[in-house]
2 protein chains.
Amino acid sequence: MNEIEVFRKYVKESGLRNTPEREVIIEEIFLTHDHFDVDTLYLCLKNKKCSISKASIYRTIPLLIESGLIKEVFFEDGHMHYEHVLGHEHHCHFRCLGCGKIIEFKEDEVMDIEKKFSRSHGFEVTGHKLELFGYCRECLKKEGKDRRVSTVDRVDRN
Amino acid sequence: MNEIEVFRKYVKESGLRNTPEREVIIEEIFLTHDHFDVDTLYLCLKNKKCSISKASIYRTIPLLIESGLIKEVFFEDGHMHYEHVLGHEHHCHFRCLGCGKIIEFKEDEVMDIEKKFSRSHGFEVTGHKLELFGYCRECLKKEGKDRRVSTVDRVDRN
DNA sequence: ATTATTATTGAGAATCTATTGCAATAATAA
DNA sequence: TTATTATTGCAATAGATTCTCAATAATAAT
């Protein structure tokens with residue numbers, strides 16, 4: 001089942017209505033495999049012929065999350081970023097505090113942690129989010145310069 | 001060194017100036033061991049005699065992060081949440097998707113993941129953020145009811 | 001097919017978080 | 001004590017997200 005079919009099924013089961021606007025949004029999102037945010041998605045659609053209002057995009061995103069197509073990954077630069085779930089196997093992120101670069105990597109060991117926690121607490125663990133941060137090789141070279149605590153809460157003082 | 005002393009040292013070393021407002025903010029934050037956000041912090045201070053402008057709180061937070069007193073934990077309900085670093089050993093979070101409850105737990109195995117990633121990529125890993133999510137015991141009882149994908153992007157449709 | 005019902009859309013207003021400009025104040029160093 | 005300039009509070013602003021509402025269109029029922 002591709003993303004459109006998944007969504008149609010979800011819409012039907014939920015008693016919602018499908019619309020061309022929503023399918024256009026989904027197609028645009030799944031055109032690449034990258035992270036995305038509302039504003040760039042909006043501009044991409046605008047630059048093609050098919051302009052869709054931001055309100056509709058904002059209203060569609062929770063549906064895409066509920067239907068298991070996408071998920072939130074991180075809040076950065078004042079807005080949320082999303083990524084694919086369908087067709088994109090689960091992975092973790094490394095964020096470079098120097099240049100802001102995001103690197104994805106796979107890590108099975110987290111499953112052990114999930115199981116251990118699940119057993120010890122009697123909870124059902126359905127997922128996780130692991131982010132490592134530090135400095136990438138390139139930034140380690142420019143040693144010490146430009147380091148910051150976080151992309152969001154940088155303090156510029158010079 | 002307590003939180004105030006840490007901050008005074010940081011301020012001195014950074015060529016900033018300390019102020020009573022900043023110390024009041026720090027004292028309020030470290031009064032409890034809980035997570036906090038800007039708005040509740042602002043209201044707490046307002047409810048006591050010592051009202052401090054939101055602008056000052058927003059301007060102080062990055063300093064507290066840089067000085068190692070606090071850090072961001074998650075973005076939820078449209079705004080950032082913070083927690084103590086000083087005097088609060090590193091831990092991970094479990095978030096119940098049913099009731100929103102946050103549970104902290106310690107987990108050393110993540111260090112192995114850090115090291116493994118660090119070695120394989122030649123990066124310097126300085127920290128991590130691990131969040132598990134699922135359903136707590138209480139919510140498992142009310143099985144199926146009230147489940148949601150995320151606290152932020154909940155879809156209410158009834 | 002046609003019609004009735006009502007979810008969805010788009011545009012803009014409203015809201016909310018967070019940042020910034022500015023004049024007054026106050027913390028440090030001289 | 002004085003000079004320097006970081007910090008404060010307030011108001012204005014920016015940006016993201018939500019909401020209002022009339023018009024439209026997707027489904028179900030006829």
Side-chain angles (χ1 to χ4, degrees), chain A residues 4 7-26 36-43 45-46 49-67 72-82 150-158, chain B residues 4 7-26 36-43 45-46 49-67 70 72 74-82 150-158:
Chain A
I4 297 289
F7 188 71
R8 286 180 183 156
K9 182 165 177 288
Y10 165 76
V11 156
K12 179 143 294 186
E13 287 171 350
S14 310
L16 302 174
R17 291 176 188 174
N18 198 8
T19 67
E21 287 83 358
R22 289 175 177 173
E23 297 208 349
V24 165
I25 290 172
I26 293 171
F36 69 95
D37 57 75
V38 169
D39 204 59
T40 56
L41 178 57
Y42 171 73
L43 291 175
L45 292 172
K46 189 172 192 166
K49 51 185 172 283
C50 39
S51 199
I52 289 174
S53 77
K54 272 195 185 172
S56 290
I57 296 179
Y58 275 113
R59 282 184 287 225
T60 299
I61 291 223
L63 305 182
L64 302 185
I65 293 176
E66 279 229 329
S67 61
E72 303 182 333
V73 267
F74 39 71
F75 184 85
E76 187 177 294
D77 298 325
H79 58 267
M80 189 54 74
H81 294 249
Y82 307 88
S150 132
T151 317
V152 178
D153 286 286
R154 180 176 195 171
V155 183
D156 276 313
R157 194 169 54 259
N158 38 20
Chain B
I4 297 289
F7 188 71
R8 286 181 182 154
K9 183 166 178 289
Y10 164 75
V11 156
K12 179 142 293 185
E13 286 170 351
S14 310
L16 303 173
R17 290 176 189 173
N18 197 9
T19 68
E21 286 84 357
R22 289 174 178 174
E23 298 209 346
V24 166
I25 291 171
I26 294 171
F36 69 94
D37 58 75
V38 169
D39 204 58
T40 55
L41 178 56
Y42 171 73
L43 291 175
L45 292 172
K46 190 171 192 169
K49 52 188 172 279
C50 39
S51 199
I52 289 175
S53 76
K54 271 194 185 172
S56 290
I57 296 178
Y58 276 114
R59 282 184 286 225
T60 299
I61 291 226
L63 306 182
L64 301 185
I65 293 176
E66 279 229 328
S67 62
I70 66 171
E72 302 181 333
F74 40 71
F75 184 86
E76 187 176 296
D77 297 324
H79 58 266
M80 188 55 72
H81 295 248
Y82 307 89
S150 132
T151 317
V152 179
D153 286 283
R154 178 175 196 175
V155 182
D156 276 315
R157 195 169 53 262
N158 39 18

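Sequence lines set the chain letters: A, B, ... in the order given, protein chains first and strands last, and positions in each chain run from 1.
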**Request:** Take nucleotides 24-30 of chain C nucleotide by nucleotide from the 5' end and write B, S or -, depending on whether a protein heavy atom sits under 4.0 Å from the base, only from the sugar-phosphate, or from neither.
**Result:** --BBS--
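Axis deviation across the helix from dA1(C)-dT30(D) to dA30(C)-dT1(D) amounts to 40°, comparing end segments of five pairs, rounded to 10 degrees.
The nearest whole Å value for the distance from the CD1 atom in Ile57(B) to the P atom in dT19(C) is 13 Å. Atom CD1 in Ile25(B) sits about 12 Å away from atom P in dT7(D), given to the nearest Å. Straight-line distance from the OH atom of Tyr42(A) to the P atom of dG15(D): 15 Å, rounded to whole Å. Going from atom CG of Leu63(A) over to atom C1' of dT9(C) covers 13 Å, rounded to whole Å. Here dT7(D) presents its P atom at 13 Å from CG of Leu64(B), a figure rounded to the nearest Å. Rounding to whole angstrom units, NE2 of residue His81(A) and C1' of dT17(D) are separated by 14 Å. As a whole-Å value, the separation of Lys46(B) NZ from dT8(D) P is 18 Å. In this structure, CZ of Arg22(B) is placed 14 Å from C1' of dG9(D), rounded to the nearest angstrom.
Judged as a salt bridge (Lys or Arg N to Asp or Glu O under 4.0 Å), and not counting sequence neighbours, the contacts of Lys9(B) are Glu13(B). Qualifying side chain to side chain donor-acceptor pair (under 3.5 Å) partners for Lys12(A), counting only residues two or more places apart in sequence or in other chains: none. Taking Tyr42(A) as the reference, nothing meets the ring pair (Phe, Tyr, Trp, His ring centres under 6.0 Å) condition, with sequence neighbours excluded. Under the side chain to side chain donor-acceptor pair (under 3.5 Å) criterion, Arg8(A) pairs with Glu23(A), sequence neighbours left out.
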Distances for protein N/O vs nucleotides 11-17 of chain C N/O pairs under 3.5 angstrom?
none

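Atom CZ of Phe36(A) and atom CE of Met80(A) lie 11.5 Å apart (nearest 0.5 Å). Here the straight-line distance linking atom CD1 of Ile61(A) with atom CD1 of Ile65(A) works out to 6.5 Å at 0.5 Å rounding.
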Which side-chain N or O atoms in residues 49-56 of chain B pair as donor and acceptor under 3.5 Å with protein atoms at least two apart or in another chain?
unit_1   : atom_1 : unit_2   : atom_2 : d
Ser53(B) : OG     : Ser56(B) : N      : 3.2
Ser53(B) : OG     : Ser56(B) : OG     : 3.2
Lys54(B) : NZ     : Asp39(B) : OD1    : 2.6

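Aromatic ring orientation, Phe75(B) versus Phe75(A): parallel (interplanar angle below 30°, classes split at 30° and 60°).
Counting heavy atoms from C-beta on, the side chains of Arg22(B) and Leu63(B) come closer than 4.5 Å. Looking at Tyr10(B) and Leu64(B), their side chains never come closer than 4.5 Å, going by heavy atoms from C-beta outward.
For the pair Val11(A) and Arg17(A), the tightest heavy-atom approach, listed with the atom from each and the gap, is CG1-C, 3.7 Å.
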